[in-house]
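Here's the structure we're looking at; comments come further down.
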Amino acid sequence: MFADNTVFIIGAGASVEFGMPVGSKLTEQIKQNCKFRFEFGNLKEGAMPIFDYYRNTYDLRDPAKAKEVQARFDLMAQIHRSIDMAESIDEYIFRYSDNPLVAEVGKLHIAYAISKAESECLLSDKAKFSHDTDGFESASKKWIFTFAKALMTGVKASEIKTIGNNITIICFNYDRCIEHYLEHAICRTYAGVNLETAREIVSNINIIHPYGVLGPFEAFPFGSTKRFADMGRNLITWSETVRDEQITAEIDYGIRNADTLVSMGFGYAKQNMDLMRTDREPKRPLGLADESMASKRIYSTAFGFKNQVHRKITENIIKLWTDNREMQDERDINIEGETVTCREFIQTNLMNLVE
C-alpha cells in the first residue's frame, strides 16, 4: 500500500493513457462541435446531439424561447472563433466568469465531449473492458495498473474496506476513469467481490474532483452519453469551486497534512495552483512554522516541459503550502524529464511511494 498521507494530484495528462483528450485536444473537439453548418436542411458540421438537445428542450414556436436558443448558438459561434486563444475550455469559461451563459454552454460541451470520450476509451464497453474479461488486460501497460496493484498490496481480503483509506486523490479531470478502473481492479483482485461492493470501497477513498465529475455511475453509467446535459449540471467552474467551502477545505486539509505529494499529468495552470494554495487565510509570518509546513517529499511528472522550467514548477508546488522556500529540503524534490510518461514515472518511483 502507499505510504500514509500521500496526496496524488491528477491532471488530464494522466487520462491520456486511457484515450481521453488532454486539454488542448478537448479544446479542439469543442471548437469543432460549436461550428454548426447546414446544407439543404442537413447538419454538416457541429454536434448533432447538442443541436437536438436545444431543439427538444425549447419550444421554438415561442419567439422568446427561440431567442434564448439563438443566443446560445451565437455564443457557440463565438466559442468556435475564439477558443483557440485560451489554454483550455476551463480557462475560457473563467475568462467570462461574469457571464453565466458561457458556463452553461461550456459545461454542456464538456459533458458531451468527455462522456463521448469515455464511451470510446480503453476502459469502455466498446473496448470490452471488464474485470471478468480479457479486455481488462488492455490496461496492464498503463499507470493505473501499477497504481492499483500498489494500492491493494498488503491488504487482506478480510480488510478490503480499508483500501485507499490513507491517501487522497485530487483529480482535476471530469472523467471517472480512475474510479471505474479501481472498481474493476478490486473485483479482479479479490474473489467473490461484486461491483456493488467494489463501488462502495472506491467511494470511501478520498477522491476530490475540484471541478466536479460527470456524475455517479448509478445515474450516469460509464461510457453512456444519453444524459450528457444532466452530466453538465454536475460540473462546476473555478469561481464556483472557490466559493464551495467544503471542497476548498478538503483540498486545504489534504495539502497541509501531506507527507508526500505526487503529481501526474498535471499542467500547473495558474487557477488550479491558486485553488490548491493553503494560504487563503493571512500568511503565517516567515520563520514561524508548524508541522503542516514541514518539508514534504515531492514527485512530479513534467511531460512536455523543458528542463528550463523545472525550477518554476518546483517553486509553484512549494507555494502550495509555504512562501518560505527554505522550509522545503530540495533533495526531496523529484521532477521527471519532458518525455517521461505517467506509466514510466510511477514504475520508476514506486519504491519511494509505498510503505
Side-chain angles (χ1 to χ4, degrees), residues 11-13 15-16 18-38 43-58 60 65 68-121 124 171-177 209-215 219-241 267 269 271-272:
S15 286
V16 168
F18 312 133
M20 300 298 292
V22 73
S24 57
K25 182 66 174 178
L26 178 61
T27 298
E28 179 60 27
Q29 289 179 355
I30 291 175
K31 175 183 174 69
Q32 295 305 317
N33 288 343
C34 281
K35 183 181 181 181
F36 289 88
R37 183 175 66 85
F38 293 86
L43 184 66
K44 293 297 183 180
E45 292 184 89
M48 177 60 84
I50 289 178
F51 177 81
D52 286 340
Y53 166 74
Y54 283 119
R55 181 172 58 181
N56 297 331
T57 302
Y58 291 84
L60 300 182
K65 296 296 182 183
E68 290 182 31
V69 172
Q70 187 59 53
R72 286 157 173 79
F73 276 89
D74 289 344
L75 178 55
M76 285 188 276
Q78 172 190 315
I79 292 173
H80 173 76
R81 290 192 302 270
S82 61
I83 196 172
D84 288 340
M85 299 304 293
E87 289 293 331
S88 65
I89 181 61
D90 308 277
E91 169 62 25
Y92 191 90
I93 293 173
F94 172 71
R95 187 172 294 170
Y96 295 95
S97 55
D98 58 343
N99 185 349
L101 198 58
V102 174
E104 176 198 310
V105 172
K107 290 177 185 180
L108 186 72
H109 275 273
I110 291 170
Y112 173 69
I114 296 297
S115 62
K116 189 171 185 295
E118 279 190 352
S119 72
E120 299 171 350
C121 78
S124 66
C171 182
F172 283 87
N173 302 335
Y174 301 110
D175 67 70
R176 302 158 298 171
C177 290
H209 286 271
Y211 299 137
V213 68
L214 293 183
F220 308 99
F222 189 90
S224 173
T225 63
K226 290 181 180 179
R227 297 178 58 197
F228 69 88
D230 290 327
M231 294 180 195
R233 298 185 184 96
N234 292 326
L235 308 182
I236 52 182
T237 66
W238 182 85
S239 57
E240 290 170 334
T241 302
Q271 68 263 34
N272 294 341

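Model, not experiment: these values are computed from the prediction. One is the number of the first residue; the rest follow in order along the sequence.
One N or O on the side chain of Asn173 and one on the backbone of Gly11 form a donor-acceptor pair closer than 3.5 Å. Between the Lys107 side chain and the Leu235 main chain, a donor and an acceptor come within less than 3.5 Å of each other.
In this structure the side chain of Ile93 reaches within 4.5 angstrom of the side chain of Ile110, judged on heavy atoms. Counting heavy atoms from C-beta outward, Ile114 and Leu26 have side chains that approach closer than 4.5 Å. By the 4.5 Å heavy-atom criterion applied to side chains, Lys25 and Val16 are not counted as neighbours.
Nearest heavy-atom pair, Ala86 versus Arg95, reported as atom, atom and distance to 0.1 Å: CA-NH2, 3.8 Å. Heavy atoms only, all atoms of each residue included: Ala229 and Tyr53 are closest at CB-CE1, 3.4 Å. Nearest heavy-atom pair, Leu214 versus Phe220, reported as atom, atom and distance to 0.1 Å: O-CD1, 3.9 Å. When every heavy atom of Val105 is checked against every heavy atom of Ile79, the shortest pair comes out as CG1-CD1, 4.0 Å. The shortest heavy-atom contact between Ser124 and Glu118 is CB-O, 3.3 Å. Contact between Arg176 and Gly223 at its shortest, heavy atoms only, is NH2-N, 4.2 Å.
The only member of Cys121, Ser15, Ser115 that meets side chain to side chain contact (heavy atoms under 4.5 Å, CB included) when paired with Asp175 is Ser15.
Aromatic pair Phe38/Phe51: ring centres closer than 6.0 Å.
Summarising the geometry, atom NZ belonging to Lys44 is positioned 14.0 Å from atom NZ belonging to Lys35; distances are rounded to the nearest 0.5 Å. Distance OG1/Thr225 to CD/Glu120: 9.0 Å, rounded to 0.5 Å. Here the CG-CZ distance, from Leu101 to Arg72, works out to 5.0 Å after rounding to the nearest 0.5 Å. To the nearest 0.5 Å, atom CG of residue Asn33 and atom CD of residue Glu28 are 10.0 Å apart. In this structure, Gln271 CD and Ser97 OG are separated by 10.5 Å, a value rounded to the nearest 0.5 Å. Taking NE2 from His80 and CD1 from Ile30, the interatomic distance works out to 13.5 Å, rounded to the nearest 0.5 Å.
Using a 30° and 60° split on the angle between ring planes, Phe228 and Tyr112 fall in the perpendicular class, above 60°. Ring pair Tyr174/Tyr211 is tilted by interplanar angle, where 30° to 60° counts as tilted.
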- Can you check side chain to side chain contact (heavy atoms under 4.5 Å, CB included) on Tyr96 and Leu75, steps first, answer last? CA-CA 12 Å; Tyr96 295 95; Leu75 178 55; over 6 Å; no
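In this structure, Glu68 places its CD atom where more than 12 heavy-atom neighbours from other residues, nucleotides or ligands lie under 6.0 Å away.
Gln70 and Asp74 are linked by a side-chain donor-acceptor pair at a separation below 3.5 angstrom, with hydrogens and angles left out of the test. Under the 3.5 Å distance criterion, with hydrogens and angles disregarded, no donor-acceptor pair is assigned to the side chains of Thr27 and Tyr92.
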